[in-house]
Structures are given as C-alpha cells and as structure tokens.
Amino acid sequence: MAVRKFSEKKLTDAVLHSIRRTRNPRLKKVMSSFIRHLHSFVRDVKPTQEEWMRGIEFLTSTGHWCSGKRQEYILLSDTLGVSMLVDALNYQAKSGATQSTVLGPFHREKAPKYPLGASIAKKKSDGVPCLVTGTIRDAKGRPVAGAKLDVWEAGADGFYDSQKGDEMNLRGVFHADAKGRFHFRCVRPEYYPVPNDGPVGKMLNATGRHPMRPPHLHFWITAKGYKPLITHLFVKGGKYLDSDAVFGVKPELIIDFRKGRDGVAKANYDFVLMKAGRK
Ligand code: BEZ
Ligand code: FE
C-alpha cells in the first residue's frame, strides 16, 4: 500500500484513526480528547524545538521530584487548578451539604486513632492550642453517629510532619459520638507555603505567583452510606484567603478560630454529609 503524503492538517485525524480499535470505551474517549486537545495546544502555541524540549524536561523533572514523601504531580495539578476542577465536577454539594475542597499531598494513611477530646499536637512548639467542636449531620439534620474524622494540619513552622521525618504529628483519627458530636484539640492553623523548591516552585515563580496557602485544617470525613467529604476549615481573617496557591478556598468553609482569654483558639463547625449513591 502506498504511504500517504504527510499532511500537518490531517495529522490529528491520523492519530485519532490509529486508536479506533481501543476496546475500553472510556479509555477511547479519554485518549481521543487528550490527543485533540494536545494537538490544538501545540497548534496554538507553535513551540520551537527548544521550547518543546523545555516542556519535556519540565515534566521529566516533575516526575524525578516525586518520591514516597513528595508528589510533585499532585502539586502541579493543585497549582494549576486542576485538582479543584476535578473535585468540583465530582462533588457537588447539594441542599446545605458541606462544600468539599482539595485533598493535597499531605494526607497519610494510618494516622493515630484518638478518643474524642484528645490533642493531635504532640509538642508545645506546634502552635497556639486550639479546640475544635461540632457535629456531623445529614441533609435532614439527623446526626451521623460514629462518623470517622481524619484530620491533619501543618504546625506553626509551616511544615507537615512528613516534611520533617517519619514521626506522625498534627494528624489523627476520631469518631463522632452517638449524637454525631465531635471535639478535639489541635493548634490554630497558620498560613504556609506549598513545597516550592522543585519544578512547580519554578513555575510559580516564573508566572509571578506566590506559593502560599491560607491557614486551614484538613478533614476527611467518612461514614457508611454517605459520600466521603474531603474538605478544610479556613481561619477567618487569615492571610492569603483571596490568593490561595491551589484555589481551594470556598467562603462557606471560612470560620472563626477566636483565641479566648485562656489562650486557646476555639472553632465550631457542623458538617453536613450527602447520602451515597446520589448525583
Ligand atoms: C495542603 O493543603 O496540604 C496542600 C494542598 C495542595 C498542595 C499542597 C499542599
Ligand atoms: Fe494543608
């Protein structure tokens, strides 16, 4: 068979044609869309060979920075707003349900389990003591008894435990009581930079952006029969609420963490979960 004359215009169609036998329909859709958008990006930008190589090197370096402790690709997705976009398309909080936000790279499996009232902060130097209270309810206001709360945060030095070593600190798992109530101690969240000593940091710098996240406390709340809720509570009045490096702020999640006369900051929030299996 004669080889067809090369045509830049027909190249995209040729690549799409080459995957026509993909058996998995979802994979076919994903790959077709990826090829079309990638080609149209290249047509739009018209990179020189050197620029294309720089792009390849950026992605290569992003991969090289990944390890068991560092996920530079998640960071890239976060800082380009893709993580929030995927979340927004998948988790649409309905009828008063609590809004979700980005998971981030610092969640750890098998965090210590604590009884209600315990503190996730092991050291005094971790920050200003803080008491967090609230309830977990469904959309009808009924308590979600025994709901699991996985919580984590950075310390006053701006680092998560995993950035400093293997020891678990400033994270823990609690279970709400029979009335859906919870309370635990932690430290008042402070703003901190996302890791910026790698390729993502270079990208932020080159595009005139800062790497800061506003003060927040992470939650991953699960209960049988409900959609898992991955979210944060943000500190009202905190710095960078209007320029979060990962676009994760939603106004409904900003609450008071007011410091009392006893030197303890207090925050209260009632989470509302959505039933599983509903769109
Ligand atoms: C975080 O909040 O832990 C986080 C989220 C996205 C990127 C980096 C850190
Ligand atoms: Fe965080």
Side-chain angles (χ1 to χ4, degrees), residues 62-63 65-88 90-91 98-109 111 120-121 126-128 130 132 149-165 167-173 184 186-205 207 209-221 228-255 257 265 267 269 271:
T62 301
W65 274 77
C66 293
S67 68
K69 292 241 162 115
R70 176 82 176 250
Q71 232 305 350
E72 197 73 0
Y73 271 110
I74 294 186
L75 199 56
L76 183 59
S77 156
D78 294 339
T79 51
L80 292 179
V82 181
S83 304
M84 280 306 286
L85 183 56
V86 172
D87 181 53
N90 280 283
Y91 193 97
T98 302
Q99 297 282 340
S100 58
T101 188
V102 66
L103 171 66
F106 294 119
H107 175 259
R108 287 170 82 175
E109 297 295 331
I120 59 170
D126 286 329
V128 173
C130 180
V132 183
L149 296 97
D150 197 338
V151 300
W152 66 105
E153 66 176 339
D157 59 1
F159 290 111
Y160 283 84
D161 55 0
S162 54
Q163 294 176 283
K164 297 189 282 189
E167 196 198 342
M168 294 246 192
N169 188 22
L170 294 169
R171 62 183 70 243
V173 172
F184 64 88
C186 58
V187 294
R188 189 186 59 200
E190 305 290 346
Y191 61 82
Y192 67 85
V194 301
N196 56 82
D197 51 348
V200 170
K202 278 193 188 148
M203 181 272 291
L204 292 175
N205 199 25
T207 53
R209 293 173 57 185
H210 69 69
M212 306 307 286
R213 292 221 64 207
H216 61 274
L217 177 60
H218 291 259
F219 288 82
W220 187 337
I221 302 176
L229 171 65
I230 295 173
T231 195
H232 307 351
L233 291 177
F234 292 94
V235 179
K236 195 167 166 181
K239 218 171 163 186
Y240 304 110
L241 280 168
D242 58 356
S243 63
D244 182 5
V246 304
F247 308 95
V249 179
K250 293 181 177 173
E252 301 87 339
L253 300 172
I254 303 174
I255 63 159
F257 278 75
Y269 192 82
F271 292 95

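Note that ligands are numbered from 1 as they come in the structure, with each ligand's atoms numbered from 1 the same way. The structure presented is a predicted model; accordingly, all values stated were derived computationally and were not measured.
For H216, the N, O or S atom closest to the Fe ion (ligand 2) goes by the atom name NE2.
Looking at Y240 and H216, their side chains never bring a donor and an acceptor atom within 3.5 Å of each other. If you check the side chains of S83 and S77, you find a donor sitting under 3.5 Å from an acceptor.
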Check the pair K239 / D244 against salt bridge (charged side-chain N to carboxylate O under 4.0 Å, His left out), numbers first and verdict last. CA-CA 9 Å; K239 218 171 163 186; D244 182 5; over 6 Å; no
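Below 4.0 Å from some heavy atom of F106 lie the following atoms of ligand 1, by number and element: 3 (O), 9 (C). Near V194, with a cut-off below 4.0 Å to any heavy atom, the atoms of ligand 1 are 7 (C), 8 (C), 9 (C). Close approach of ligand 1 to H218 is summarised as follows: ligand atoms under 4.0 Å from at least one heavy atom of the residue are 1 (C), 2 (O), 3 (O).
Ring orientation note: the planes of H218 and Y160 are nearly perpendicular, at an angle over 60° on the 30°/60° scale.
By the criterion of a heavy-atom distance under 4.0 Å, the side chain of L75, and not its backbone, is placed next to ligand 1. The residue F247 has no part lying near ligand 1, judged by heavy-atom distances below 4.0 Å.
The heavy-atom pair separating H107 from D150 by the smallest distance is NE2-OD2, 2.8 Å. Listed here is the closest heavy atom pair of Q163 and P195: NE2-CG, 3.9 Å. For L229 against Q99, the heavy-atom pair with the smallest separation is CD1-O, 3.8 Å. Listed here is the closest heavy atom pair of Y91 and P228: CE1-O, 3.4 Å.
With a 6.0 Å cutoff to the six-membered ring centre and a 45° limit on the axis angle, K164 does not count as a cation-pi contact of F159.
If you check which protein heavy atom lies closest to atom 1 (C) of ligand 1, you get Y192 OH, 2.8 Å. Nearest protein heavy-atom neighbour of atom 7 (C) of ligand 1: D78 OD2, 3.1 Å.
Residue contacts to the Fe ion (ligand 2): H232 brings no N, O or S atom closer than 2.8 Å.
When only interatomic distances are considered, the shortest N/O to N/O separation between R213 and ligand 1 falls below 3.5 Å.
The shell of residues lying under 4.0 angstrom from ligand 1, judged by heavy atoms, includes Y160.
Closest heavy-atom approach to atom 9 (C) of ligand 1 within the set A154, G104, P105: this belongs to P105.
Around the Fe ion (ligand 2), the two atoms OH of Y160 and OH of Y192 are separated by an angle of 100°, to 10 degrees.
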